[in-house]
*Asks:* 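Here it is, the structure, as C-alpha cells.
Just so you know, residue 1 is the first one in the sequence shown, and it goes up from there. Just the heavy atoms: all of them, side chains too, but no hydrogens, waters or symmetry mates, feed the values below.
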Amino acid sequence: HTDFSDFAFDDEGLLCEPEMELDFGAVGKGFAADEAVLILEKNAVKSAILDFGGNIQALGSKADGTLWKVGVRNPFEEGVAAALSIENKAVVTSGGYERFFDDQDGNRYIHIFDPKTGRPSQSDLESVTIVCPSGTYADALSTSLFVMGKDGALAFWKENPDFDFILITKKRELLYSEGLKSSIEIMADFKTSECTGNSF
C-alpha cells in the first residue's frame, strides 16, 4: 500500500484505499519555511535567514549586500564539510547520522524509510543537500535522493536539472552539481567531484 498512483482527487477531496494514509514529514519543514518567507515578503522584509533545523531558507542577501554563508555538516565528525554562499535559496540536508540506533549486532537503523521495503533506508549516501528556491521542493528531493542512493540520485538530477546538490557518500566522496561551482567551498578532506550534465 505504498503506490502514490493509487491516490486521486475529486470534488469530495482525496481518495485512496482504506489501508493508505499520507505522511507529510518529508516536506513539512520545507513547506513551513516557504510560508514564512511569504509572510516576511508581505511585510516588506527583504533580508532574512531562517533555520528550521536541517532546512535553511535565505530571503535575499545580507543587509550589507553580501551573500549568506551556510555550512553543510560533516556527517563523519565534528565540523563542516562544505560552505555555500547563497541568496534567495533553500538549503536542505537529509541524512541518517543524527537520528538512528544500533542494535546489539552493530546494524544501524536510521529514521529515513525506503517506501519499497518499508524498512530504514540502506542508502550508500551519508547525506544529501539540495539547493533551490523552494524549501518544499528541496525537502522532498533531499529525502528522495537519499533513498535512491548515489547512482539513482545522479540519474534523477540528469533528467531533472532544476536544482543543485551536494552528495556525501559512505566512502567519503563529496559530489556537487556544476551550478554550485562558484558558490561552494570544500572545508573537509573528501574525494571531491563536480558533476555536469554530460558526465558524473
*Asks:* Counting heavy atoms not belonging to Asp6, are there more than 12 under 6.0 Å from its CG?
*Replies:* yes
*Asks:* Do Ser183 and Ile86 pass the side chain to side chain contact (heavy atoms under 4.5 Å, CB included) test, and can you show the C-alpha distance, the side-chain angles, and the key distance before you say yes or no?
*Replies:* CA-CA 7 Å; Ser183 61; Ile86 60 163; 5.7 Å; no
*Asks:* With heavy-atom distances below 4.5 Å as the criterion, would you say the side chains of Val27 and Thr143 are in contact?
*Replies:* no
*Asks:* Can you give me the closest heavy-atom contact between Gln57 and Ala90, atom names plus distance?
*Replies:* OE1-CB, 3.4 Å
*Asks:* Taking atom types as modelled, find out whether Asp34 and Thr136 have a side-chain donor-acceptor pair closer than 3.5 angstrom.
*Replies:* yes
*Asks:* Checking side chain to side chain contact (heavy atoms under 4.5 Å, CB included) for the pair Asp164/Tyr176: CA distance, chi angles, key distance, verdict?
*Replies:* CA-CA 7 Å; Asp164 285 300; Tyr176 64 91; over 6 Å; no
*Asks:* Which heavy atom of Val80 sits nearest to which heavy atom of Gly71, and what is that distance?
*Replies:* CG1-CA, 3.9 Å
*Asks:* Over 60° means perpendicular and under 30° means parallel, so tell me whether Trp157 and Phe165 are parallel, tilted or perpendicular.
*Replies:* perpendicular
*Asks:* Indicate yes or no: at least one non-hydrogen side-chain atom of Lys191 is less than 4.5 angstrom from one of Leu174.
*Replies:* no
*Asks:* Verify, without hydrogens or angle tests, whether Ser127 (side chain) and Ser94 (backbone) share a donor-acceptor contact under 3.5 angstrom.
*Replies:* no
*Asks:* Tell me, please, whether Phe76 has Arg172 positioned over its six-membered ring: NZ or CZ under 6.0 Å from the ring centre and within 45 degrees of its axis?
*Replies:* yes
*Asks:* Where the side chain of Thr66 meets the backbone of Lys62, is there a donor-acceptor pair that is under 3.5 Å apart?
*Replies:* no
*Asks:* Counting only N and O atoms by type, is there a donor-acceptor contact under 3.5 Å from the side chain of Asn88 to the main-chain atoms of Gly60?
*Replies:* yes
*Asks:* Please report the closest heavy-atom contact between Met187 and Ala83, naming both atoms and the distance.
*Replies:* CG-N, 3.8 Å
*Asks:* Evaluate the side-chain proximity of Leu84 to Val131: yes if any heavy-atom separation is below 4.5 Å, no if none is.
*Replies:* yes
*Asks:* Can Asp162 and Tyr137 be said to form a side chain to side chain contact (heavy atoms under 4.5 Å, CB included), step by step?
*Replies:* CA-CA 10 Å; Asp162 58 347; Tyr137 189 44; 2.9 Å; yes
*Asks:* Is the shortest heavy-atom distance from the side chain of Phe190 to the side chain of Asn74 under 4.5 Å?
*Replies:* yes
*Asks:* Do Asn107 and Asp102 get their side chains close enough for a donor-acceptor pair, meaning under 3.5 Å?
*Replies:* no
*Asks:* Hey, could you give me the CG/CG distance between Leu167 and Leu145, rounded to the nearest 0.5 Å?
*Replies:* 7.0 Å
*Asks:* Please check if the number of heavy atoms outside Glu19 that lie under 6.0 Å from its CD is greater than 12.
*Replies:* yes
*Asks:* Below 4.0 angstrom, N of the basic side chain to O of the carboxylate: do Lys150 and Glu173 qualify?
*Replies:* yes
